[in-house]
Protein chains: 2
Amino acid sequence: MNVALTLSTANLKKTKAREAVLEYISHAKTPISIQDVENAPMIKSLKIDQATLYRIIHILLDNHIIRQVDLHEGKFRYELAALPHHHHIVCTKCGIVKDISDCLDPKAKQSIEKETGFSITTHALEFFGLCSSCRIFLEK
Amino acid sequence: MNVALTLSTANLKKTKAREAVLEYISHAKTPISIQDVENAPMIKSLKIDQATLYRIIHILLDNHIIRQVDLHEGKFRYELAALPHHHHIVCTKCGIVKDISDCLDPKAKQSIEKETGFSITTHALEFFGLCSSCRIFLEK
DNA sequence: CTTGATGCAAACCGTTTGCAGATAG
DNA sequence: CTATCTGCAAACGGTTTGCATCAAG
């Protein structure tokens with residue numbers, strides 16, 4: 001992804017902080033938390049304030065450049081909004097997160113809308129369990 | 001549900017605070033938050049400390065009397081563990097929560113375990129949208 | 001009588017905010 | 001030059017903790 005172009009397309013001022021944060025998120029292999037962002041060497045060296053990081057994240061969310069992910073950790077994570085729709089599986093021991101391509105049967109949405117009278121805009125689906133390494137470790 | 005019996009079956013001391021909290025949760029129609037618990041008149045009149053409420057909730061969780069629900073609100077909710085497995089739909093405008101009976105195709109679990117190498121212990125599925133009242137209100 | 005439950009106060013973590021000064025356009 | 005982005009510090013809401021006291025068994 002072209003970070004500078006993405007920012008200018010969204011009419012956002014190009015600043016060192018914004019470029020660094022977006023650069024970091026766009027290279028992440030899993031959804032990342034604000035804490036991950038602050039600890040990234042690339043960001044640390046710029047000494048960006050935590051409040052600024054939160055503000056940048058909100059701007060990127062508002063402009064649909066990133067999306068929020070909630071893996072029931074008591075904090076949010078973020079990933080590029082351009083990624084295709086998918087879900088996540090989390091290891092409850094080591095915390096590793098993997099993407100899942102599988103999704104709901106699309107018929108489910110309609111039947112739930114009918115059942116509840118809601119109009120559904122989004123859904124979230126998270127799986128929890130043990131990754132293969134943790135499972136092997138626990139079996140010993 | 002018999003609150004006193006539930007506590008004694010789990011070898012938990014029967015106290016006013018525990019009985020009141022469990023009584024309250026067992027009559028709730030939707031998953032409730034700690035804040036809901038403290039604001040319930042029944043609980044308020046007993047002047048139970050917030051720290052105590054959190055401790056009671058943890059004990060009930062540990063003993064599988066209640067379960068944690070995460071509706072992406074930045075806080076947790078709780079519901080009776082004895083309720084049959086189900087999911088939730090949340091109105092993003094007014095916050096109302098409804099239960100959903102629908103669930104995943106059970107085949108999905110196996111295919112995801114195969115795809116990822118994880119052994120899945122739980123999953124969570126949340127729907128977000130507008131309830132019928134809020135939708136009507138917004139259309140006007 | 002003894003273990004463990006409670007109240008109180010302090011602290012935690014993730015997040016938001018107000019304000020003054022810096023900087024992109 | 002002006003709008004807005006940033007750093008700093010303070011505060012927030014949800015949650016956890018240490019410690020002394022109290023009550024269930």
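Chain letters run A, B, ... following the sequence lines, proteins first and then strands; every chain starts at 1. All figures in this text were calculated on a predicted structure; none of them were measured in a lab.
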Determine whether any donor atom in the side chain of B:Lys13 lies under 3.5 Å from an acceptor atom in the base of C:dT3, or the reverse, and answer yes or no.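 In this structure, the two groups form a donor-acceptor pair.
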Tell me whether the side-chain N or O atoms of B:Arg55 pair up with the base of C:dG4 as donor and acceptor below 3.5 Å, since no angle test is needed here.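 It does not, because no donor-acceptor pair links the side chain of B:Arg55 to the base of C:dG4 below 3.5 Å.
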To the nearest Å, how far apart are [X] [atom1] and [N] [atom2]?
| X | N | atom1 | atom2 | result |
| --- | --- | --- | --- | --- |
| B:Phe76 | C:dG14 | CZ | P | 12 Å |
| A:Ile43 | D:dT6 | CD1 | C1' | 14 Å |
| A:Ile56 | C:dA24 | CD1 | C1' | 14 Å |
| A:Asn11 | D:dT4 | CG | P | 11 Å |
| B:Ile57 | D:dT16 | CD1 | P | 11 Å |
| B:Gln68 | D:dT16 | CD | P | 9 Å |
| A:Lys14 | C:dT23 | NZ | C1' | 13 Å |
| A:Lys16 | C:dA24 | NZ | P | 8 Å |

Kindly point out which of C:dT6, D:dC8, D:dT4 is positioned nearest to the side chain of A:Ala51?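 Looking only at heavy atoms from C-beta outward on A:Ala51, the closest nucleotide is D:dC8.
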Give, for atom CD1 of A:Ile32 and atom CD1 of A:Ile57, the distance between the pair rounded to the nearest 0.5 Å.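 A:Ile32 atom CD1 to A:Ile57 atom CD1 measures 5.5 Å (nearest 0.5 Å).
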Is there a side-chain contact between B:Tyr54 and the phosphate of D:dT15, meaning an N or O under 4.0 Å from OP1 or OP2?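 Yes.
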Could you tell me whether the phosphate oxygens of C:dT16, OP1 or OP2, come under 4.0 Å of any side-chain nitrogen or oxygen in A:His58?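 Yes, within the criterion.
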Criterion side-chain contact (heavy atoms from CB on, under 4.5 Å) against B:Leu71, the qualifying member of B:Val90, B:Ile89, B:Thr30: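 For B:Leu71, the side-chain contact (heavy atoms from CB on, under 4.5 Å) test succeeds with only one of B:Val90, B:Ile89, B:Thr30, which is B:Val90.
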Answer yes or no: are there more than 12 heavy-atom neighbours, outside B:Lys14 itself, under 6.0 Å from its atom NZ?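 Counting other residues, nucleotides and ligands, NZ of B:Lys14 stays at 12 neighbours or fewer.
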Please classify the nucleic acid contact of B:Gln50 as base, sugar-phosphate, or nothing, using heavy-atom distances under 4.0 Å.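 Answer is base: heavy atoms of B:Gln50 come under 4.0 Å of a base.
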Would you please classify the geometry between the B:His85 ring and the B:His123 ring as parallel, tilted or perpendicular, with 30° and 60° separating the classes?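 Geometry flag for B:His85 against B:His123: perpendicular rings.
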On DNA chain D, nearest-nucleotide positions of B:Ile34 versus B:Thr15: which is more 5'?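 Result of the comparison: B:Ile34.
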5' priority, DNA chain D, between B:Gln35 and A:Asp49 [closest heavy atom]: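 Its nearest nucleotide being more 5', the pick is A:Asp49.
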Could you pull out the closest heavy-atom pair between A:Val37 and A:Tyr24, with the gap in Å?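 Heavy-atom minimum between the residues: CA-CE2, 3.8 Å.
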